[in-house]
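Comments concern the structure below.
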Amino acid sequence: MRLALLPLAALISLLAAPASYVGDIAISSVTERYQQDSVSFTGSYPQFSGIGNTGAQQKLNVKMREKEQSALIRAKAAGMELSSAEGTGQRSAEGIYEYVVKRNSGGIVSLLFSDYLYAGGANGLTTLSGMTFSAATGECYSLEGLFREGTSCRELIDAEIRRQMEERDLSSQLISPFEGVQNNDCFYLTDTSLVIVFQEMQYFPHSMGSVEFSVPLSRLETCLKPEILLKK
């Protein structure tokens, strides 16, 4: 639901939610609302406490705020562009930045961020990004960083994605050939799975939005670092 706009005025509000202990560390949510004639924005970002390395924790918290502020800047820029454009009935941009905690257990924290921007036209665009880090050190993992040294899960992951494409009848929907998972592809972890996220229009039509493929961690035990797997 869109926020009501305040004519010729801007309103910024910061609301901090109580910390919620989902698992290993505490995660509190901060919400910012910005309203102007040309833009409506709501952003929520996490703040962490309980990470073993307090210096890394501080850097992560600053990074979370910066990511949300970058989304606000993009929304403001889109609003200015719309308001100055001639011959368009759409004068207001809309941005929504939010996140979901996907895992906070076994010493691993994994989140999925959603950055939605509507800047005119028929549809907005949602860009997803993931972040996975160690609750003990605050170290962030790349996709390659999940694998044991000297091993790679890529072939197993690619094979499972191709299998699921056939099973879900998605192969016929591809707008470009799937050539395997790349290190910069969006991903997140749950307690039981590695989830690869393909962006809108990366491999599939805009109408399908983002498309996810969940690979059970049990199938990747031979190549994942031990700390990624929940201890039984």
Side-chain angles (χ1 to χ4, degrees), residues 1-20 27-49 56-102 109-133 138 140 142 182 184-188 197-212:
M1 183 174 64
R2 297 188 180 181
L3 300 171
L5 301 182
L6 301 181
L8 304 178
L11 170 65
I12 298 179
S13 62
L14 289 174
L15 304 173
S20 58
I27 303 175
S28 59
S29 184
V30 180
T31 299
E32 175 177 8
R33 296 187 177 92
Y34 181 92
Q35 294 177 299
Q36 218 177 34
D37 277 352
S38 61
V39 63
S40 171
F41 178 83
T42 300
S44 297
Y45 61 94
Q47 293 288 271
F48 310 116
S49 59
Q57 175 177 287
Q58 183 177 9
K59 289 180 181 179
L60 281 172
N61 284 335
V62 170
K63 182 179 180 180
M64 296 301 94
R65 168 70 171 162
E66 289 176 344
K67 283 169 63 71
E68 185 264 353
Q69 285 294 290
S70 294
L72 173 57
I73 290 170
R74 287 190 292 272
K76 286 181 177 179
M80 290 178 63
E81 185 174 345
L82 274 176
S83 62
S84 62
E86 296 182 1
T88 176
Q90 175 64 34
R91 299 291 181 181
S92 176
E94 180 181 13
I96 301 173
Y97 183 85
E98 54 193 354
Y99 71 96
V100 179
V101 179
K102 294 294 187 176
V109 181
S110 192
L111 304 98
L112 181 67
F113 299 88
S114 172
D115 184 359
Y116 169 81
L117 179 61
Y118 178 76
N123 299 291
L125 181 68
T126 298
T127 303
L128 300 177
S129 60
M131 187 180 74
T132 297
F133 64 89
C140 290
S142 65
Q182 306 300 312
N184 60 351
D185 281 331
C186 177
F187 76 91
Y188 63 84
V197 183
F198 294 133
Q199 308 287 350
E200 293 183 14
M201 298 183 293
Q202 182 177 353
Y203 286 114
F204 300 97
H206 187 279
S207 59
M208 293 180 65
S210 60
V211 180
E212 298 187 357

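Just so you know, these numbers use all the heavy atoms, side chains as well, and skip hydrogens, waters and symmetry mates.
In this structure a side-chain-to-backbone donor-acceptor pair under 3.5 Å is present from Gln47 to Asn61.
Atom CE of residue Met64 and atom OG of residue Ser44 lie 13.5 Å apart, to the nearest 0.5 angstrom. Here the CG-OH distance, from Asn123 to Tyr118, works out to 8.0 Å after rounding to the nearest 0.5 Å. Rounded to the nearest 0.5 angstrom, Lys59 NZ and Glu66 CD are separated by 12.0 Å. For the atom pair OH (Tyr97) and OH (Tyr45), the distance works out to 10.5 Å, reported to the nearest 0.5 Å. In this structure, OG in Ser110 is found 9.0 Å from NZ in Lys102, a value given to the nearest 0.5 Å. Interatomic distance, CG of Leu82 versus OG of Ser92, reported as 8.0 Å (0.5 Å rounding).
Taking all atoms of both residues into account, the shortest heavy-atom contact from Tyr99 to Ile27 is OH-CG2, 4.1 Å. Listed here is the closest heavy atom pair of Cys186 and Leu112: SG-CD1, 3.8 Å. The minimum heavy-atom distance between Leu125 and Met201, with the atom names listed, is CD1-CE, 4.0 Å. A pairwise comparison of heavy atoms in Gly138 and Ala56 identifies CA-CB, 4.1 Å as the closest pair.
Side-chain contact between Val101 and Pro46: absent, with no pair of heavy atoms (C-beta onward) separated by less than 4.5 Å. Here the side chains of Tyr188 and Val197 are in contact, with some heavy-atom distance below 4.5 Å. Residues Lys67 and Lys63 form a side-chain contact, since some pair of their non-hydrogen atoms from C-beta on lies under 4.5 Å apart. Counting heavy atoms from C-beta on, the side chains of Val30 and Glu68 never come closer than 4.5 Å. In this structure, Leu111 and Phe113 have side chains that are in contact, with non-hydrogen atoms separated by less than 4.5 Å.
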For Phe187 and Thr132: C-alpha separation, side-chain torsions, deciding distance, then whether side-chain contact (heavy atoms from CB on, under 4.5 Å) applies. CA-CA 9 Å; Phe187 76 91; Thr132 297; 3.8 Å; yes
Pair Phe133, Leu60 - check side-chain contact (heavy atoms from CB on, under 4.5 Å), show working. CA-CA 10 Å; Phe133 64 89; Leu60 281 172; 3.9 Å; yes
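The neighbour count for Gln58 CD, taken as heavy atoms of other residues, nucleotides or ligands under 6.0 Å away, does not exceed 12.
Neither side chain, Glu32 nor Tyr34, offers a donor N or O lying under 3.5 Å from an acceptor on the other.
Put simply, the residue from Leu128, Val211, Thr126 that forms a side chain to side chain contact (heavy atoms under 4.5 Å, CB included) with Glu200 is Thr126.
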